[in-house]
Amino acid sequence: MSRSIIKFTAIIAVIAALLFVALYGLDFTETVRFPGVLDPDGVVQGLDLKGGSVIVFEAQVADPTDEQMNTVTNMMRTRLDGLGYSEATVTRQGVKKVRIEIPSVSNPEKAAESLGATAQLKFVDYEGTEVLNGNDVKTAAAQYGPVDQMGASQHFVSLTLTPDGAKKFADATARVVGYGSGNNYIAIMMDDIIISAPRVSERIDSEECIISGDFDAETAKALASNIRSGQLPFSLAQVELRAISATLGDTALKTSLIAGLIGIILVMLFMLLLYRLPGFLASIALLAYMAVEGIILANLHINLTLPGIAGIILAIGMAVDANVVIFERIKEELRLGKTVRSAVDAGFNRALSAVIDSNITTIIAALILMWLGTGTIKGFGTTLLIGVVISMVSAIFITRFLLKQMIGMNVKNLWLYGINKSKKEEGAN
Amino acid sequence: MINILGRKKIYFAISLVLMIASAVSLIVQGFNLDTDFAGGMAVTYEIKNEFEVKDIEAIVSDALGTNQKASSVQKSENGEVVIKFGYDNNLKNDEERATFAAEKIEAIQTHLAEKYGEVELKNKDIVSPSTGKELARSAVWMSILAALAILVYITFRFEFVSGVCAVLALVHDVLILCGIYSIARVAIDTTFIAAVLTVLGYSINATIVVFDRIRENTRHAKKQTYSEIANTSINQTIGRSINTTITTLLTIGMVYILGVTSIKEFALPIIIGILIGTYSSIFIAGSVWATWKDSAVKAKSNRK
């Protein structure tokens with residue numbers, strides 16, 4: 001009996017500790033730490049909660065190869081870095097699409113335009129003959145400063161050419177000088193649009209050259225970024241653009257959490273009312289469930305969307321289901337006249353198959369949502385899956401353990417297990 | 001003990017009527033597809049000052065110009081207006097559509113700001129028609145795949161007849177759920193699909209519990225008809241089915257009551273689906289199974 005009391009208190013302590021860790025995390029050192037749900041670097045808020053944009057591009061060719069799509073994805077990352085969106089993510093979606101998510105940005109139109117540009121760079125002379133192209137450029141950088149002797153500072157892009165490119169540039173400038181006034185310029189074109197057309201007054205023998213014109217900080221950065229990333233293997237079209245402001249997410253998160261809390265309390269009261277002692281124990285198991293769920297969400301950095309939160313709350317309601325199946329079974333066994341110990345054992349054993357089968361089918365639905373769904377739907381599938389798995393474990397192992405300790409502590413009054421005296425005398429149906 | 005099998009004709013009739021009504025509505029008028037599936041643009045603005053929907057409609061028509069597909073303007077709670085419109089049919093490719101969308105949205109925002117001062121963009125969705133069709137296709141595909149996977153799993157764990165009856169109950173649930181939304185002309189977006197799949201995964205639970213009990217009772221009772229076994233099994237599990245539904249409704253119900261509009265729209269089909277699912281698990285699934293099995297036995301003995 002005393003062993004049971006010790007085991008019971010032990011597991012209550014463990015659950016309380018888990019709840020603490022779930023909320024506040026565990027800090028060993030600066031680098032070795034496990035964030036909690038309340039830590040800022042714990043749970044990752046999805047775009048629909050913290051605001052942000054989604055841009056989806058589709059390749060405009062019939063059969064892009066895997067390699068090409070991966071090249072596009074990498075180029076996008078370079079471009080996003082160049083634009084200063086260090087938190088943006090790029091993923092492939094399906095066979096032909098690229099999905100870009102930029103948190104905290106609600107007006108992505110300009111970004112979308114520059115990201116989706118093919119970025120074909122050409123230097124041509126007045127006749128349209130190509131003199132240099134993107135392959136001759138080693139790197140590009142957006143700068144601010146004076147571009148000529150007059151000294152007025154402006155935004156411009158400086159290019160570093162490859163040795164081969166520098167030679168071509170030297171030859172070209174030498175030739176263009178001789179074209180006479182009006183024609184002695186080199187037009188710099190991006191995607192067939194002239195962005196700069198400087199006059200050439202002498203042969204330029206250098207690996208550095210600049211593109212100056214009507215640039216501001218943003219456009220210079222975008223251009224440099226696109227030149228650095230290189231030209232896309234094919235053109236892209238924007239097929240989806242979504243933007244959500246941050247304020248929408250704040251209210252949504254708060255109300256969802258309150259709803260969840262109230263819902264959980266109602267469920268615990270309901271379980272207590274209907275199943276009494278086992279119901280109370282199931283509520284403790286529910287706390288354990290929430291602690292484990294919190295730890296997993298915070299440490300796996302699961303992307304939490306609004307439907308994802310609904311998924312968590314739904315899974316809690318379903319989590320209790322396993323307990324309901326088992327407790328109803330225990331009640332039946334008690335009505336048949338079995339002792340509490342054997343009724344509990346029988347209840348768990350007989351109900352196990354039903355619990356496993358019904359949870360697996362929910363898992364199947366959640367997996368399909370995760371595999372084939374995108375964006376918020378995927379988030380919902382993920383939290384539903386995590387919730388159902390944890391709830392299965394919690395109901396089967398934790399509740400059973402708690403009940404066993406109760407029996408060990410000689411808590412066997414039938415009323416506590418949900419049986420009213422008159423029902424027991426009636427016997428089984 | 002409730003005689004469910006005895007009144008099965010009533011329950012079958014109710015379900016049949018609901019299913020036919022749903023099917024008819026879906027075939028004749030289909031869904032009211034939201035931008036996610038139909039393609040188009042949806043913008044939500046918060047306007048600090050008072051406004052009338054009529055006035056906004058006029059402003060939007062102005063900004064959009066001619067050649068415009070029907071738009072919808074709705075006032076939602078907390079002073080927000082939701083404006084939806086489609087693409088000009090003359091646009092030839094997605095690049096043109098992207099430019100069109102950006103232009104028109106900017107035009108609308110400028111016009112609104114002129115008239116109402118402070119206008120804050122809350123939400124913006126621009127979806128190309130091809131993406132819309134793809135999302136719709138993937139939604140149907142996901143549902144079919146889930147139903148098939150569940151059929152295979154149940155056949156493997158129980159038997160083929162149970163598998164078919166369980167899936168029939170699922171089809172019943174999804175059909176009526178879609179029928180309700182089709183008849184009520186409520187706009188469907190991708191979150192509706194998540195709701196449908198949740199209902200699929202959830203409704204099957206109750207059905208499984210019934211079939212699990214039937215499986216157990218069949219092992220021990222050799223002299224009863226299948227209808228009698230089913231009746232007993234359903235009665236034994238009815239407590240669990242109802243209580244589980246209550247606990248789930250408590251949680252998702254609170255989310256519906258307290259949540260913001262987008263979450264309400266997500267939670268409602270789940271709630272409706274759970275209710276239909278519980279009904280079908282108790283009154284339909286077991287009855288169909290028993291009727292099938294009993295008539296198979298009858299056919300066998302008639303042949304002898």
Side-chain angles (χ1 to χ4, degrees), chain A residues 56 58 106-107 109 112 237-245 247-248 251-252 255-256 258-260 262-264 266-267 270-271 274 306-307 310 313-314 316-318 320-321 324-325 328 332 350 353-354 357-366 368-369 372-373 375-377 380-381 384 429, chain B residues 1 93-95 98 101-102 120-128 130-131 138 141-142 145-146 149-150 153-154 157 190-191 193-194 197-198 200-202 204-205 208-209 212-213 216 235-237 239-240 243-244 246-255 257-260 262-263 266-267 270:
Chain A
V56 178
E58 186 172 26
S106 317
N107 50 347
E109 278 77 358
Q238 170 200 307
V239 287
E240 231 181 296
L241 187 139
R242 301 178 194 266
I244 305 177
S245 87
T247 51
L248 191 67
T251 346
T255 48
S256 303
I258 294 177
I262 297 182
I264 293 172
L266 287 176
V267 167
F270 179 76
M271 291 294 280
L274 224 57
L306 206 52
I313 297 176
L314 182 66
I316 291 176
M318 293 167 72
V320 202
D321 177 31
V324 173
V325 173
E328 285 287 335
E332 259 188 79
R350 299 256 171 83
S353 59
D357 285 335
S358 61
N359 275 318
I360 288 191
T361 51
T362 311
I363 290 177
I364 290 178
I368 291 183
L369 280 172
L372 293 178
T376 50
I377 306 297
F380 174 72
L384 192 62
N429 272 341
Chain B
M1 169 128 142
N93 57 40
D94 286 330
E95 293 198 50
E120 189 192 337
L121 178 72
K122 285 293 181 121
N123 197 13
K124 169 165 50 185
D125 287 314
I126 303 176
V127 181
S128 76
S130 59
T131 300
S138 111
W141 182 221
M142 276 198 270
L145 206 63
I150 291 173
Y153 180 74
I154 296 194
R157 289 285 288 170
T190 42
T191 54
I193 304 309
L197 259 82
T198 308
L200 276 176
Y202 181 85
I204 197 71
N205 288 1
I208 283 184
V209 170
D212 176 81
R213 185 56 66 96
E216 189 183 323
N235 272 275
Q236 285 170 339
T237 54
R240 173 263 166 206
N243 288 341
T244 290
I246 293 179
T247 57
T248 312
L249 285 179
L250 281 175
T251 50
I252 199 74
M254 288 316 299
V255 170
I257 294 174
L258 296 180
V260 293
S262 62
I263 278 301
F266 178 55
I270 295 183

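Numbered from 1 within each chain, the chains take letters A, B, ... in sequence-line order.
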- What residue, out of Ile126(B), Ile252(B), Asp212(B), Thr198(B), has the most heavy-atom pairs lying under 4.5 Å from chain A? Ile126(B)
- Item | Among the listed options Met254(B), Lys124(B), Glu216(B), the residue most often paired with chain A at heavy-atom distances under 4.5 Å | Lys124(B)
- Answer key: most heavy-atom pairs under 4.5 Å with chain B among Asn107(A), Val320(A), Ile262(A) is Ile262(A)
- Query: Mind checking whether Thr251(B) and Val255(B) have side chains closer than 4.5 Å, heavy atoms only?
  - Reply: no
- Message: For Thr248(B), give me all partners under side-chain contact (heavy atoms from CB on, under 4.5 Å), at least two apart in sequence or on another chain.
- Response: Leu314(A), Met318(A), Tyr202(B), Thr244(B), Ile274(B)
- Relative to chain A, which segment of Ala149(B) carries a heavy atom at a distance below 4.5 Å: side chain, backbone, both, or neither? both
- Message: So which residue, Leu145(B), Asn243(B), Ile204(B), Ile246(B), ends up with the most heavy-atom pairs under 4.5 Å with chain A?
- Response: Asn243(B)
- Item | Proximal component of Ile363(A), with respect to chain B [non-hydrogen, under 4.5 Å] | neither
- Item | Ile364(A) portion near chain B, given a 4.5 angstrom heavy-atom threshold | side chain
- Message: Is Ser130(B) close to chain A through its backbone or its side chain, or both, or neither, when contacts mean heavy atoms under 4.5 Å?
- Response: side chain
- Comparing Asp321(A), Ile360(A), Thr362(A) against chain B, the one with the most heavy-atom pairs below 4.5 Å turns out to be Asp321(A)
- Task: Count the heavy-atom pairs under 4.5 Å between each of Gly253(B), Gly239(B), Ala194(B), Ala101(B) and chain A, then report the option with the highest count.
- Result: Ala194(B)
- Message: Using heavy-atom distances under 4.5 Å, tell me whether Glu109(A) contacts chain B through its side chain, its backbone, both, or neither.
- Response: side chain
